[in-house]
Amino acid sequence: MTPDHAPIRFAIRDGCFVLDGRPFVIRCGEIHCARVPRDYWQHRLEALRAMGLNTVCLYLFWNYHEGTPGVFDFQGERDVAEFCKIAQKLGLWVILRPGPYACAEWDFGGLPAWLLKDPAMQLRSSYPGFLTPAVRWLEEVGRELAALQITRGGNILLVQVENEYGAFGNDKTYLRTLKEAIRAAGFDVPLIRCDWANLAQIVPGEFDPEVAMVANFGSKARENISTVAKSYPTSPRMCGEFWMGWFDWFGHPRNGRTAEDGRMHLPDLQWMLENDVSFSLYMFHGGTKFGFTAGANGDGGRYDPYPTSYDFFAPLDEQGRPRPKFFLFRDAIARSTGETFPEPPPPIPVTKIPEFQPDSFAPFLPTGESGEKFLSPPTMEALGQSLGCLLYRTDLHGRAAGTAELRLVEVHDFAWVFVNGLLVGTMDRHRGIHSVELTIPAGGPANLEILVEAMGHMNFGAAMNDDRKGITRRVEFGHLTLFNWEIFRLPLDGAQLTGLRFSELPIPAGRPAFFRGQFRPEGPGDTWPDMGDWGKGYVWVNGRLLGRYWRIGPQQTLYLPGTWLRPDTDNDIVVLDFHNAFPERPRLRGLTEPVLDEVRPYAFPEQPAD
């Protein structure tokens, strides 16, 4: 890269990358700037360079930048152009993956949930209701980033078209239109696509020959590269995603433990280095699924939501600290290339938060208010809401007293059922529980409330088309279908939090509640609020939503970057706990290490006491 950022010629020729007329091997690591606080971008990129990598690969998440149709946000923490510019200052190239679909264990694979307001939606296809906004998104990406291509003195080498589409569909019109949209948006660098490296997914001629093919895999590098080369002899020899670990699900032990020290991946990495095969480590640094960005895996009959951490057992852990595999790979790259690399950046300090108790409380569920009226229960997307919660309320007064089964057909994703303000049961899509036994009291009121929490849209597979949130079809009680509902929108956004009215009186146990307190850390640095004694909910610090917690684990802490703290004055913390089943006022503290692998059995308050 020249000091004055003059344009450099980059191309794909005869199965090789060529940079200014000479063969070039891409040694890349994946970092998603949306999963790293902006103040730490340079720290993570310096670490990537120190491991001997020359390129950073990043997804853009469409829903992170266009939360409202037609309203784009590339400012502040979403300033992807600045991330690329920092990389260029450090001598790093960029591979851009703008989607529109990403996967990456991100909510809805990066697609905006507002697409599902259309009942006929066909995702990732040439259906106009999807393709038109997708092309508009790519146009906006071009306005933000096309000027940063290598052809214009920048550092973007490659742009990827869609993502692993061979594992999803076969709409050639869709893929062709995306390619044309990327070109029309001003991207003139070489284009690539990626897919799983097996012949069932890779069919010669199924796509545009102008778009080079790279393969994704986590082992058997020689076999997988050979498989792709037979079908695509002019495409570069490259692993588009070399899987370095794996993601986690709520209620399951951590995945990827066998890949923790890096030894199982070292032979394949060494083979690629020795044979001039380009690669991108997925992930070099996973980071954190802050806010509502965690998605879910599954299919039509299974639903597995992800916790907030995206540690991934990557060479850099969630806080940016090098693991042993970092140095193992660094040494291998140095031996292979003969290059000398800078030292890793100093670690970011960590700090404790002394134990404290919340001092004020606010109810979560509305009381004494009237909601919007609907004949049948609507989904969140039908109401223009993407995540958070909905409260469904109806009156069963006048029904014959007795017990029958209350069924939600079906709940997406977790529900609490209250009768006359008392918790009577929960339903959980994750465990396939969609009903509770419900008793109607004799001679009195029978106010039924169903609180539904969205826990992340599926990010992979055909089931994404049907993953609307809330009560997705109907509510049945015994042989009856229940009609006439009041609906309360509870999006857990800034407006809702600003409107909370806190008091010193605790909320009655069993009713979801907000808990507020103040704390001062012992010093500057990152920390991990310990949520192991809490039930299920969300945590905000100084107005920033850290993410979800759930006592079933495996994650029991949340990552709190020090750059979001005020070290010398009070910091505000707000916790929404849905279960609120504490025998006494709960406590909070911040640890100097995360707890990411502690699974606990399903028990009360997931199920109410007898």
*asked:* Any salt bridge linking D20 with R22? Criterion: basic side-chain nitrogen under 4.0 Å from a carboxylate oxygen.
replied: no
_Going by the rule side-chain contact (heavy atoms from CB on, under 4.5 Å), which residues pair with T258 if we only count those two or more places apart in sequence or in a different chain?_
M264
*Is atom CZ of R13 surrounded by more than 12 heavy atoms (other residues, nucleotides or ligands) closer than 6.0 Å?*
no
*Apply side-chain contact (heavy atoms from CB on, under 4.5 Å) to V189 and L158, showing your working.*
CA-CA 6 Å; V189 295; L158 298 165; 5.5 Å; no
*How many angstroms lie between atom OH of Y165 and atom CZ of R193, to the nearest 0.5 angstrom?*
11.5 Å
*Please confirm whether the backbone N or O of S219 pairs with a side-chain atom of N224, one donor and one acceptor, at under 3.5 Å?*
yes
_Polar side chain donor-acceptor pair, H285 to Q319, under 3.5 angstrom_ = no
*Look at the side chain of T351 and the backbone N and O of P521, then say whether any donor-acceptor pair between them is shorter than 3.5 Å.*
no
_Just verifying a value: how many Å separate N465 CG and Q122 CD, rounded to the nearest 0.5 Å?_
5.0 Å
*asked:* Using a 3.5 Å distance criterion without hydrogens, assess whether the side chain of N63 forms a donor-acceptor pair with backbone atoms of W106.
replied: no
_Reference residue T527; test side-chain contact (heavy atoms from CB on, under 4.5 Å); the match among L560, V350, V541_ = L560
*Would L131 and T173 count as a side-chain contact (heavy atoms from CB on, under 4.5 Å) if you check the C-alpha gap in whole Å, the side-chain angles of each, and the deciding distance to 0.1 Å?*
CA-CA 10 Å; L131 192 55; T173 300; 5.6 Å; no
*Tell me, with the steps shown, if E210 and K179 meet salt bridge (charged side-chain N to carboxylate O under 4.0 Å, His left out).*
CA-CA 9 Å; E210 185 185 349; K179 189 210 81 169; 2.9 Å; yes
*asked:* I'd like to know whether F17 forms a ring-ring contact (aromatic ring centres under 6.0 Å, His included) with F10, so could you lay out the CA-CA distance, the side-chain angles of the two residues, the decisive distance to 0.1 Å, and finally the verdict.
replied: CA-CA 7 Å; F17 293 114; F10 179 76; 5.7 Å; yes
_Chi angles and distances behind the side-chain contact (heavy atoms from CB on, under 4.5 Å) call for D311, T288_ = CA-CA 7 Å; D311 178 271; T288 307; over 6 Å; no
*Of all residues at least two apart in sequence or in a different chain, which pass the ring pair (Phe, Tyr, Trp, His ring centres under 6.0 Å) check with Y101?*
none
*Who pairs with Y310 by ring pair (Phe, Tyr, Trp, His ring centres under 6.0 Å), at least two apart in sequence or on another chain?*
F312
*side-chain hydrogen bond (donor to acceptor under 3.5 Å, both in side chains) between D171 and S126, intermediate numbers included*: CA-CA 7 Å; D171 190 336; S126 53; 2.8 Å; yes
*What's the spacing between I192 CD1 and I12 CD1 if we round to 0.5 Å?*
7.5 Å
*Going through the distances and angles, do W243 and E241 end up as a side-chain hydrogen bond (donor to acceptor under 3.5 Å, both in side chains)?*
CA-CA 6 Å; W243 301 319; E241 292 183 7; 2.9 Å; yes
*Could you check W540 against L497 for side-chain contact (heavy atoms from CB on, under 4.5 Å), going step by step and ending with a plain yes or no?*
CA-CA 10 Å; W540 292 260; L497 264 68; 3.4 Å; yes
*asked:* Test your reading of the model: is there a side-chain donor-acceptor pair from N571 to the backbone of R566, 3.5 Å cut-off?
replied: yes
_Applying salt bridge (Lys or Arg N to Asp or Glu O under 4.0 Å) as the test, list every pair that has at least one member in residues 46-67; sequence neighbours left out._
E66-R136
*Just say parallel, tilted or perpendicular for the rings of H65 and F74, cut-offs at 30° and 60°.*
parallel
_If you define the side chain from C-beta out and look only at heavy atoms, does anything of D526 sit under 4.5 Å from P349?_
no
*Sequence neighbours excluded, which residues qualify as side-chain contact (heavy atoms from CB on, under 4.5 Å) partners of N255?*
W246, D248, W249
*asked:* Under a plain distance cut-off of 3.5 Å, with no hydrogens placed, do W114 and E381 share a side-chain donor-acceptor pair?
replied: no
*Donor-acceptor pair, side chain of N275 and main chain of W271, under 3.5 angstrom*: yes
*asked:* Quiz question: by atom type and distance under 3.5 Å, do the side chains of T151 and D188 form a donor-acceptor pair?
replied: yes
*Any luck finding a side-chain donor-acceptor pair between E318 and S309 under 3.5 Å?*
yes
_Quick check for you: to the nearest 0.5 Å, what is the distance between L157 atom CG and C57 atom SG?_
11.0 Å
_Ring of F341, cation from R330 - is the NZ or CZ under 6.0 Å from the centre and inside 45° of the axis?_
no
*Short question: side chain of K325, backbone of A259 - any donor-acceptor pair under 3.5 Å?*
yes
*Give the C-alpha distance, both sets of side-chain angles, the deciding distance and a yes or no for ring-ring contact (aromatic ring centres under 6.0 Å, His included) between F72 and W62.*
CA-CA 9 Å; F72 295 94; W62 178 8; 8.7 Å; no
_Does any part of the side chain of R27, heavy atoms only, come nearer than 4.5 Å to the side chain of T55, both counted from C-beta?_
no
*N/O donor-acceptor pair under 3.5 Å between S278 side chain and M238 backbone*: no
*Can you tell me how far CG of L116 sits from CG of L123, rounded to the nearest 0.5 angstrom?*
6.0 Å
*Should the heavy atoms of other residues, nucleotides or ligands under 6.0 Å from CG of D39 be counted, would the total exceed 12?*
yes
*Start with the C-alpha distance between D73 and Y64, add both sets of side-chain angles, then the distance that settles side-chain hydrogen bond (donor to acceptor under 3.5 Å, both in side chains), and finish with yes or no.*
CA-CA 8 Å; D73 184 359; Y64 189 63; over 6 Å; no
*Return yes if some donor-acceptor pair links the side-chain N/O of N155 with the main-chain N/O of V94 below 3.5 Å, else return no.*
no
*Hey, is the main chain of N297 close enough, under 3.5 Å, to the side chain of D304 for a donor-acceptor pair?*
no
*Spacing of D79 atom CG and C84 atom SG [to the nearest 0.5 Å]*: 9.5 Å
*Can we call the ring centroids of F61 and H32 under 6.0 Å apart?*
yes
*Partner set under ring pair (Phe, Tyr, Trp, His ring centres under 6.0 Å) for W528, not counting sequence neighbours*: Y559
*Would you find a donor on one side and an acceptor on the other, under 3.5 Å apart, between the side chain of E30 and the backbone of M283?*
no
